[in-house]
Structure formats: C-alpha cells, structure tokens
Amino acid sequence: MKKQIAVLGIGLMVALSGCGNDSKDAASDSSTADHSTAQDSQAAMNDSHTEMDHSGMDQSEMNHSGSSEVPQGLRKADHPAFPIGSQAVMSADHMPGMKGATATIVGAYDTMVYAVNYTPTTGGEPVKNHKWVIQEELKNAGDRPFAKGDHVVLESDHMKGMKGAEATIESAERTTVYMVDYTPTTGGEPVKNHKWVTESELSAK
C-alpha cells in the first residue's frame, strides 16, 4: 500500500512539473510574440515617418516665390500670347497646387527653355526632368542653343543645391516663357514671380 502511494505521489509531482513548464513556455511564447509585434509596429512607424519627412523635404526645397529680377541678356517678348497683366489657367504641375490655378502674367520672354537632369550640389537623389531652365541660366551659354544629351552647368537657383550643379539636357525648345503670380489651388500663401511657365502650359481664362 505504501509503495502504491509513493508511486502515485511521484506521478503527481511529474504531472505538476510538466504543467509548470507548459505555463512558462506559454508565457515565454506570449512575451516573444508581444515583443515581435511591438518591433513590427515600431518599424512600421519609422517607415511612415521616413516617408513623411522625405515628402515634406521634397516640397520645401523648391522656392515658391522669387525675385522679379531676370538673368542678364534675357529678351522681353514683343508680342506674347499672354500679355503682362493678363490672366491664364496653368496646366503645369511643377509644384503642388499649381495645376488648374489662375496665373497673372508678370513677365514674358523669348528664349530657349530646357528640361534638365542633375544631382544637387548639396547631395541627395538625382533630380530628373526638372522644368524649366532657360538659356540665360546656363553657365557661359552664350547664344548657342543646346540639344538633348548636352552637358551644362546650372546658374539658376530655383531649388536647393541647383546652382553650380552639372546637368544633362533632357529636352530643348525655343518658346516664350512667363513669370507668373498665382494662388495655389491647395490653399496657402500666394506665389510671387514664379519662374518659369511655358506658353504651352497656359490657356486662356
């Protein structure tokens, strides 16, 4: 009888020990899962912040308003399609809130206009197909027009890290370019002396 009681006691101890281990394992698994979930959540938050910061930086780098001064040698258009003081609707989307906005023409000039690819002098990702840079904003350009694939040095400072950057011409066109004032369709402060909008990016109001 004593022997049977001893065997039963040992069996009960083993069973209880197993339950204790199972509980510890379950708690450990739960802790690991919670820790993993927390790490995943934190990573997702970090990714979200990175995207937001990058987006904000891109938009803030462009000079929304500028000086009314123009490069030396830039010739005023004799008979622009949109005279100074007139209004036009923009189809350009160089910046948020630009497309569809009503622009007031403050300057009209005949020149060569270029879309360019370049890497900012301040570092960062290359800028592709930036619109627009004009002949008079290229270093030592003279009167010789450039063509797609030509290499130039930028003198314009429309964006941070632009002035002094080496660029490649992506497209070239002789046309009338306009300096404009407008209020973004997205709201916010009016933009003054924006450079540049081409004639094909404007339509009668």
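Just so it is clear, the model here is predicted, and its values are computed rather than measured.
Connection of Leu202 to Met98 is established within a shared hydrophobic cluster, with ILVMFWY side chains joined at heavy-atom distances below 4.5 Å, either directly or through further cluster members. In the hydrophobic clustering of ILVMFWY residues, with side-chain heavy atoms under 4.5 Å counting as a link, Val197 and Val191 come out together. When hydrophobic clusters are built by joining Ile, Leu, Val, Met, Phe, Trp and Tyr residues whose side-chain heavy atoms come closer than 4.5 Å, directly or via intermediates, Ile134 is not grouped with Met112. Two different hydrophobic clusters hold Met159 and Val113 under the rule that ILVMFWY side chains link at heavy-atom gaps under 4.5 Å.
Side-chain contact check for Asn117 versus Pro126: every heavy-atom pair is 4.5 Å or farther apart. Inter-residue side-chain proximity for Thr111 and Val177 is flagged as met; some heavy-atom pair is nearer than 4.5 Å. Side-chain atoms of Ser171 and Trp132, non-hydrogen and from C-beta on, do get closer than 4.5 Å to each other. Side-chain contact between Glu166 and Thr119 is absent, with no heavy atoms from C-beta onward closer than 4.5 Å. Side-chain contact check for Lys192 versus Tyr182: every heavy-atom pair is 4.5 Å or farther apart.
Remark: Glu170 pairs with Lys148 by the salt bridge (Lys or Arg N to Asp or Glu O under 4.0 Å) rule, at least two apart or across chains. In terms of the side chain to side chain donor-acceptor pair (under 3.5 Å) criterion, residue partners of Thr168 (sequence neighbours excluded) are, by chain and number, His151. For Tyr118, there are no ring pair (Phe, Tyr, Trp, His ring centres under 6.0 Å) partners, not counting sequence neighbours. Under the rule for a side chain to side chain contact (heavy atoms under 4.5 Å, CB included), the partners of Thr121 that lie at least two apart in sequence or sit in another chain are Ala165. Asp181 is linked by a side chain to side chain donor-acceptor pair (under 3.5 Å) to nothing, counting only residues two or more places apart in sequence or in another chain. Residues meeting the side chain to side chain contact (heavy atoms under 4.5 Å, CB included) test with Val152, sequence neighbours left out: Leu138, Phe146, Leu154, Ala167, Ile169. Residues forming a side chain to side chain donor-acceptor pair (under 3.5 Å) with Thr198 (at least two apart in sequence, or on another chain): Ser200, Glu201. A search for side chain to side chain donor-acceptor pair (under 3.5 Å) contacts involving Glu155 returns nothing, not counting sequence neighbours.
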(request) Could you walk me through whether Tyr114 and Glu173 pass side-chain hydrogen bond (donor to acceptor under 3.5 Å, both in side chains), step by step? (result) CA-CA 7 Å; Tyr114 303 97; Glu173 178 187 5; over 6 Å; no
(request) Start with the C-alpha gap between His94 and His130, add the side-chain angles, then the distance that decides, and say whether side-chain contact (heavy atoms from CB on, under 4.5 Å) holds. (result) CA-CA 8 Å; His94 308 166; His130 172 80; over 6 Å; no
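Between Trp196 and Tyr109, the angle of the ring planes goes over 60°, which puts this pair in the perpendicular group of the 30/60° scheme.
No donor-acceptor pair under 3.5 Å is formed between the side chain of Ser156 and the backbone N or O of His158. Side chain of Lys131 to backbone of Val116: no donor-acceptor contact under 3.5 angstrom is found.
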Per-pair distances, 0.1 Å, donor-acceptor, side chain in residues 73-90, under 3.5 Å, sequence neighbours excluded:
| residue | atom | partner | partner atom | Å |
| --- | --- | --- | --- | --- |
| Ser86 | OG | Pro83 | O | 2.5 |
| Gln87 | NE2 | Thr104 | OG1 | 3.4 |

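Pairs of residues two or more places apart, or lying in two chains, never qualify as salt bridge (Lys or Arg N to Asp or Glu O under 4.0 Å) while including a residue from residues 80-104.
Closest of all the heavy-atom pairs between Glu137 and Pro71 is CG-CG, 3.8 Å.
Considering Asn193, Ile105, Thr102 as possible partners of Val180, the one that fulfils the side-chain contact (heavy atoms from CB on, under 4.5 Å) test is Ile105.
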